[in-house]
Every structure is written in structure tokens, then in C-alpha cells.
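Whatever order the structure lists ligands and atoms in, that order sets their numbers, starting from 1.
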Amino acid sequence: MSRVFSGIQPSGELHIGNYLGAIKNWVQLQGQYEAFFSVVDYHAIITPYRPDDLRQRRHDMVVSLLAAGVDPERATLFVQSTVPEHTELAWIFNTVTPLGELERQTQFKDKAQRQESVSVGLLNYPVLQAADILLYIAEFVPVGEDQVQHLELSRVVARRWNAAFASEEEPYFPEPKALLTPTRRVMGLDGQAKMSKSLGNTVGLLEEPDAIWAKLRPAVTDPARVRRTDPGTPEVCNIYNLHRAFNPPAVVEEVATKCRTAGWGCIECKKVLLDGMNAELGPIRERAAAIRREPEIVHLALARGTERAREVAQKTMGEVKERMGLA
Ligand code: SF4
């Protein structure tokens with residue numbers, strides 16, 4: 001079975017943007033591939049943070065992932081910093097990665113522009129990402145559109161290391177490929193930008209229905225629907241997009257028709273969305289509550305995942321060091 005690797009930052013509880021954009025897809029992938037899923041906490045420390053806060057966010061992320069359907073019996077779920085080979089391989093990859101390639105990364109340029117002092121960690125972030133993937137000899141990585149350039153860098157790193165310590169005919173590291181799977185780019189409730197905690201436009205995956213409604217009710221819709229009798233264009237409305245994610249096709253069709261013909265008002269439309277969201281998110285909320293009542297579930301899931309991840313990581317590092325004259 002081919003391997004797939006994917007990581008998520010320990011940003012606390014998931015919101016529906018990460019759930020629809022990535023984690024729902026992870027749940028599908030774990031049945032089709034040998035999946036390694038990591039909470040990448042080393043990636044989270046390149047900007048200032050509070051240690052206790054990081055600990056809590058990491059725990060909350062694991063609870064969310066398990067509640068959303070990541071199954072420790074079918075996927076290897078672990079926290080990056082508990083497998084030290086990630087940073088060990090990243091150092092080795094630093095020695096074959098061209099500086100120019102890192103400086104050209106769009107995300108680095110964007111973030112560096114906004115910071116007074118730029119850390120080497122920010123520059124080297126994609127090298128650690130290459131190590132995350134290649135440590136597990138992963139052939140596939142599910143990527144969002146903003147990650148394509150980083151994946152290309154992982155391919156460059158694999159190629160350069162292979163050229164120095166393996167051969168073109170018999171490469172050691174595979175050049176990981178993008179797994180183009182149906183993921184959604186979810187806009188925030190402000191309808192202005194991608195859903196993101198830092199923009200405060202999210203709906204938490206584990207939020208109670210009342211709290212979700214308090215956010216949905218005032219959420220931005222098609223500006224053409226000023227009065228109840230004004231027809232709208234569902235395709236320009238973020239609420240319609242969410243209907244497509246949470247409701248079956250027949251409901252989505254009804255929503256589109258009633259929007260175009262002014263057959264209902266936006267509040268009625270949002271109530272139908274809330275029902276669809278509750279049907280999918282209710283069981284996830286219940287699972288999260290059960291996991292929180294029994295913290296041993298998190299402990300056991302991570303212990304199992306870390307053991308499996310370390311087994312593969314140690315094998316790779318042993319072979320890498322042998323080829324490099326380090327063992
Ligand atoms: S009726 Fe629904 S889809 Fe149409 S603009 Fe209002 S909220 Fe959006």
C-alpha cells in the first residue's frame with residue numbers, strides 16, 4: 001500500500017475550514033493508503049508563543065482529529081516532536097538544499113516582509129517539511145493550493161540527496177507527488193477571506209448549535225438580496241458554499257432555486273444550513289465530549305502512533321546515515 005503523509009499545525013480545536021479543507025479528506029485517505037498524520041508542533045514554534053498555550057493547543061488538536069474520524073487503528077497519528085528523527089533528517093537536508101530555492105519560496109517572502117527580525121527557522125521551514133514527508137518514504141501528500149511550492153521543494157531535496165548518496169537509476173527517496181483530492185477552500189463568515197483563526201471568521205468544529213447560529217445569523221450573503229423579494233445568485237454567496245459542503249444535492253438544488261426566485265429569505269436559508277451542519281457535526285461533538293471524559297483515549301492513540309512512526313523513522317535514519325558515512 002502506498003504511503004501518504006500529512007501534517008497539521010497545533011492550532012487548538014479544528015474549525016470547519018480545516019475540517020472541510022483537509023481533515024475530512026484524511027479520514028478518506030486512511031482507508032486507501034498507509035497514512036501518517038502528524039500534529040507538527042516544531043513548525044508552530046517559529047513565531048512567538050506561550051509554552052502552556054502550545055501544550056493545550058496540541059492536545060485540543062488531537063482531540064479534534066480523533067473526534068472528526070481519524071482512526072488510530074487505521075492511520076499512524078502522532079506529534080512531530082515525539083519523533084526526533086524529523087529534526088535530524090532536516091539538518092541533513094539543510095546540507096543539500098540550495099539557499100536560493102528557500103529564499104524564492106512565496107510564503108517565506110510574504111512572512112519575512114511582515115517581520116522585523118526574520119529567523120532561520122522561517123527560512124528553513126520547507127526543509128523540515130521535506131524531512132516530515134521523506135522520513136516515511138511517503139509517495140503522496142495531499143496538498144492545498146498554497147502548499148504546492150513547498151512540495152516542489154521536497155522533490156528538489158529528494159533529487160539532490162539521491163544524486164549525492166544514491167543514484168538516478170535506484171533513488172532512495174521517492175519524489176513525493178501531490179495527491180489531488182476533492183478538498184474545499186472555505187471562506188470565513190465575513191465572506192472576505194479564507195476561514196482562519198487569526199482573522200476571527202471561523203466556526204469551531206465542536207461549537208454548540210446556539211453558538212453556531214449566533215455566528216451564522218449575521219454572516220454575509222449575496223449583497224444583491226437587500227429585500228426579501230430581491231432574487232439572489234447563490235454562487236456568489238458563502239452560505240450556499242457551506243450548503244454544498246453540509247447538505248445533500250437535493251437540498252442544495254432547493255436552496256439555489258429558492259435563492260434565485262426569492263422564494264425565501266436568507267434567515268430561512270441559514271436555518272436549513274444549521275440543520276445540515278448539526279446532522280454532521282453533532283456526532284463529532286459527542287465523540288469529542290466522550291474523549292474529553294476519558295483522557296486515556298488520547299494517550300493510547302498517541303502512544304500507538306508514536307511507536308509506529310518511530311519504527312519507520314529510525315529505519316530510514318539508519319539507512320540514511322549508512323549511505324552518508326555517518327554510521
Ligand atoms: S438565500 Fe441563501 S444562498 Fe441566497 S443569498 Fe441568502 S443565504 Fe445566500
(message) Do the side chains of D190 and K215 get close enough for a salt bridge, i.e. N-O under 4.0 angstrom?
(response) no

(request) Please indicate how many protein N/O/S atoms are found closer than 2.8 Å to atom 6 (Fe) of ligand 1, with waters neither displayed nor included. (result) 1

(request) Is it possible for you to say whether V203 and I239 belong to one hydrophobic cluster, with membership spreading through side-chain heavy-atom contacts below 4.5 Å? (result) yes

(request) Taking the side chain as every heavy atom from C-beta outward, state whether V79 and T306 have any atom pair closer than 4.5 Å. (result) no

(request) Please name all residues satisfying side-chain hydrogen bond (donor to acceptor under 3.5 Å, both in side chains) with D71, sequence neighbours left out, ordered by chain then number. (result) none

(request) Answer yes when R160 and E101 have at least one side-chain N-carboxylate O distance shorter than 4.0 Å, and no when they do not. (result) no

(message) Centre-to-centre under 6.0 Å for Y136 and F78, is that the case here?
(response) yes

